[in-house]
Asks: 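Quick one: structure below, then a few questions.
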Protein chains: 2
Amino acid sequence: MTRQPTLNDVAVAAGVSLATASRVLNGSDRKVSATLHDRVMAAAQALHYTANAQAQALARRSTALVGLLLHDIADPYFSGIASGVLSAAVARDLRVVIADTGADPDAAVAHLSALRGERARAAILVGSRTTDRAGEKRLAEAIGQFTAAGARMVCVGQPGLPGDTVVPDNRGGARALGAHLSGHARVAIVAGPDRLRTVRDRVAGFRAGLGHPETTLVSAEFSRDGGYGAAAHIPDGTTAVFVTSDVMATGLCTGLRERGLRIPEDIAVAGFDDIPVIRDLHPALTTVALPLADMGSQALHLALAEDGPSRTVTIPTRLVIRDSTSTGS
Amino acid sequence: MTRQPTLNDVAVAAGVSLATASRVLNGSDRKVSATLHDRVMAAAQALHYTANAQAQALARRSTALVGLLLHDIADPYFSGIASGVLSAAVARDLRVVIADTGADPDAAVAHLSALRGERARAAILVGSRTTDRAGEKRLAEAIGQFTAAGARMVCVGQPGLPGDTVVPDNRGGARALGAHLSGHARVAIVAGPDRLRTVRDRVAGFRAGLGHPETTLVSAEFSRDGGYGAAAHIPDGTTAVFVTSDVMATGLCTGLRERGLRIPEDIAVAGFDDIPVIRDLHPALTTVALPLADMGSQALHLALAEDGPSRTVTIPTRLVIRDSTSTGS
DNA sequence: CTGTTAGCGCTTTCAC
DNA sequence: GTGAAAGCGCTAACAG
């Protein structure tokens with residue numbers, strides 16, 4: 001546990017001033033003679049010098065930190081987006097501070113405050129789902145304080161909050177899927193919480209594409225278990241189900257199967273998002289594909305904007321028909 | 001984009017000294033009179049003051065940062081562990097800087113160096129799989145420099161590197177699975193890269209439990225596609241396959257099915273890890289269960305140790321028999 | 001109990 | 001081209 005070498009140590013070892021050492025080691029436009037440059041580099045190398053990021057941040061009044069707030073990193077939807085954020089971040093030499101917000105809206109508020117303390121350049125909030133109006137308001141307020149400090153806020157998949165937004169074309173994608181299933185007479189929808197704009201858009205789009213009203217609407221948690229539980233509420237005779245997310249659909253399929261229903265012979269099932277694993281379900285799941293990693297990268301790019309007004313990036317979707325609806329249409 | 005209020009701003013607003021403001025706002029054991037305390041709190045509240053984490057770190061010579069380095073956050077094995085790390089971190093008021101290391105061993109080296117610059121308290125490295133000896137050596141060296149600075153290093157699922165270690169009982173778990181499949185005469189193993197100790201332990205344990213040699217050993221990438229591709233190399237007549245990870249097994253099942261094989265009637269399949277989604281495969285996959293989130297929390301706890309020698313935590317495993325091997329045994 | 005003051009390690013004018 | 005010195009915002013002795 002030796003003390004980390006400081007820039008001063010390097011300067012002394014190289015026989016130059018602090019300023020010179022700083023100029024050669026940490027990108028400055030000022031010129032330094034080749035001789036001194038090499039001496040400093042050699043000294044830094046020998047001492048295994050690494051600049052103290054905190055001290056730099058303090059002196060420079062800026063950091064390379066970006067916050068990534070997501071509902072649950074273990075959920076493939078979120079980890080897919082996170083993956084895109086991480087790869088874009090490393091390409092831009094940014095560091096990512098990550099946190100799960102879970103079901104608690106105030107968790108996001110708390111993390112936003114921490115990020116403000118860390119002087120993060122930006123924060124990316126992915127699909128925080130808040131249960132209460134009051135919580136949502138506190139969140140909006142926290143975002144306001146965060147951006148007031150000069151930081152950038154990007155929300156992914158959840159429009160309506162201040163800041164930049166990356167949203168899929170939920171309505172359009174769902175409409176295409178509805179059209180795909182429009183041949184079915186008895187259609188059920190398993191929807192996540194109605195308060196979520198995402199859910200509403202997907203349901204509305206699906207209905208528009210279907211062309212006739214669904215026979216059943218089941219509301220459930222936006223999780224695998226939510227979908228699993230919803231299986232019990234699908235009426236006999238239903239021939240197709242649209243589920244507002246793949247994660248839910250995955251659970252639903254298991255639940256339907258336990259009821260003795262065959263997919264797609266007895267009942268077709270389609271989801272939304274295109275998380276990787278659904279092509280390995282049996283049958284593989286029809287879905288509306290989202291470029292998850294790409295959404296993450298785009299969010300990071302928005303996060304880098306120096307200033308300017310809020311922008312919204314709409315992500316196009318793509319209908320992917322697989323075996324879970326093969327007898328449909 | 002107003003300037004963030006500083007502690008000095010708060011002190012002035014409250015009419016107290018910098019020191020007093022510091023004492024009430026940022027936990028000190030020193031006592032402050034109730035009057036001043038309240039005045040400071042009120043001022044801080046009014047200004048939306050949040051301490052500059054960098055300045056604190058510099059003055060305190062310590063941070064609340066922990067690094068989390070994983071192969072690929074989009075892989076459910078890693079995101080499961082990450083989830084445990086995050087929940088343990090938030091409970092201890094630690095911040096997590098995350099990065100994917102991918103296939104490149106030097107990515108881990110680079111991130112470790114960045115973490116050193118950030119004066120992170122500890123780093124958790126999850127299953128970095130390096131291809132070359134030289135890279136591994138550079139990694140060990142980077143870990144050496146990291147810990148020399150007084151930071152703690154924890155490796156998860158990958159013994160052999162300096163620092164603390166969290167490893168599952170791969171051998172024991174695989175042995176139980178081998179015993180479960182010992183009734184099969186023609187057994188194949190689909191193994192990840194042989195250079196990985198994890199893979200070797202799982203293969204060795206499985207063989208010990210099986211009690212007789214397997215008929216085929218297929219080597220593949222430690223990924224879904226690796227497993228998928230391996231399906232082509234399973235000889236006809238094989239009645240059971242052990243795959244060294246669930247992610248690979250997931251791909252393998254799809255590949256086998258495309259060959260027209262029924263699971264488990266024609267061929268039983270078993271994996272390892274118990275990632276959440278495998279219970280929703282059809283048939284649900286038999287596996288050796290690992291408490292992924294728990295492993296992550298344990299890693300974080302090891303990361304918090306003040307000092308002392310390296311420790312190793314062995315994680316017990318549990319055989320979970322599901323339908324993919326139901327005709328086996 | 002409260003205030004003064006010297007740093008923490010680095011960047012950045014401003015002189016030389 | 002190089003160096004001296006003044007901070008960046010906060011903590012922690014050290015005096016009162």
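Order of the sequence lines sets the chain letters (A, B, ...), proteins ahead of strands, with each chain counted from 1.
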Asks: Side-chain N or O of B:Ser17 versus OP1/OP2 of C:dG3: is the shortest distance under 4.0 Å?
Replies: yes

Asks: Rounded to the nearest angstrom, tell me the gap between atom CG in B:Asn8 and atom P in C:dT5.
Replies: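 After rounding, the reported distance stands at 14 Å.
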
Asks: Please state how far atom CG in B:Asn52 lies from atom C1' in C:dC10, giving the value in whole angstrom units.
Replies: 14 Å

Asks: Looking at C:dT2, I'd like to know if its phosphate oxygens (OP1 or OP2) sit under 4.0 Å from a side-chain N or O belonging to B:Thr20.
Replies: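 The answer is no; no side-chain N or O of B:Thr20 sits under 4.0 Å from OP1 or OP2.
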
Asks: For B:Arg23 and C:dT2, what is the distance between atoms CZ and P respectively, to the nearest whole Å?
Replies: 8 Å

Asks: Is there a donor-acceptor pair under 3.5 Å between the side chain of A:Asp75 and the backbone N or O of A:Tyr77?
Replies: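 Checked: pair present.
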
Asks: Enter the distance from A:Asp106:CG to A:Thr101:OG1 here, rounded to the nearest 0.5 Å.
Replies: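 Here the interatomic distance stands at 11.0 Å.
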
Asks: Measure from CZ on B:Arg116 to P on C:dG9 and round the result to the nearest Å.
Replies: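 About 15 Å, once rounded to whole Å.
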
Asks: Would you kindly compare B:Ala19 and B:Ala55 by the position of their nearest DNA chain C nucleotide and give the one closer to the 5′ end?
Replies: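 Mapping each residue to its closest nucleotide by heavy atoms, the 5'-most match is B:Ala19.
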
Asks: B:Leu36 side chain: which of C:dT12, D:dC10, C:dT2 is closest?
Replies: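 Comparing C:dT12, D:dC10, C:dT2 against the side chain of B:Leu36, the answer is C:dT2.
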
Asks: Check the phosphate of D:dA12 against B:Ser22, side-chain N and O only, distance under 4.0 Å to OP1 or OP2. Yes or no?
Replies: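 So the side chain of B:Ser22 is outside the cut-off, no N or O lying under 4.0 Å from OP1 or OP2 of D:dA12.
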
Asks: For C:dT11, does either OP1 or OP2 sit under 4.0 Å from a side-chain N or O belonging to A:Asn26?
Replies: yes

Asks: Which nucleotide sits closest to the side chain of A:Val16: D:dG3, D:dT11, C:dT11?
Replies: D:dG3

Asks: To the nearest Å, how far apart are B:Gln54 CD and C:dT11 P?
Replies: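 My rounded result for the distance is 13 Å.
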
Asks: From the list D:dC10, C:dG9, C:dC10, which nucleotide is the closest neighbour of the side chain of B:Leu58?
Replies: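 Of the options given, the side chain of B:Leu58 lies nearest C:dG9.
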
Asks: Starting at CD of B:Gln145, measure out to CZ of B:Arg116 and round the result to the nearest 0.5 Å.
Replies: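 It comes to 5.0 Å.
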
Asks: Hey, does B:Ala57 reach any base, or is it just sugar-phosphate, or nothing, if we go heavy atoms under 4.0 Å?
Replies: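 The residue B:Ala57 makes no contact with any strand.
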
Asks: Side-chain contact, heavy-atom cut-off 4.5 Å: B:Leu65 with A:Arg95?
Replies: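 B:Leu65 vs A:Arg95: side chains apart.
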
Asks: What is the distance, rounded to the nearest whole Å, between atom CZ of B:Arg119 and atom P of C:dC10?
Replies: 7 Å

Asks: Is the phosphate of D:dT2, meaning OP1 or OP2, less than 4.0 Å from a side-chain N or O of A:Ser33?
Replies: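 Answer is yes, contact under 4.0 Å.
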
Asks: Rounded to the Å, how far apart are A:Arg60 CZ and C:dC8 P?
Replies: 20 Å

Asks: Does any donor-acceptor pair link the side chain of A:Arg61 with the base of D:dG7 at a separation under 3.5 Å?
Replies: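 Checked by distance alone, the answer is no.
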
Asks: Atom CG in A:Leu112, atom OG1 in B:Thr50: separation rounded to 0.5 Å?
Replies: 10.0 Å

Asks: For A:Leu18 and D:dA5, give me the distance from atom CG to atom P, rounded to whole Å.
Replies: 12 Å

Asks: Side chain of A:Ala59: nearest nucleotide among D:dG9, C:dT12, C:dC10?
Replies: C:dC10

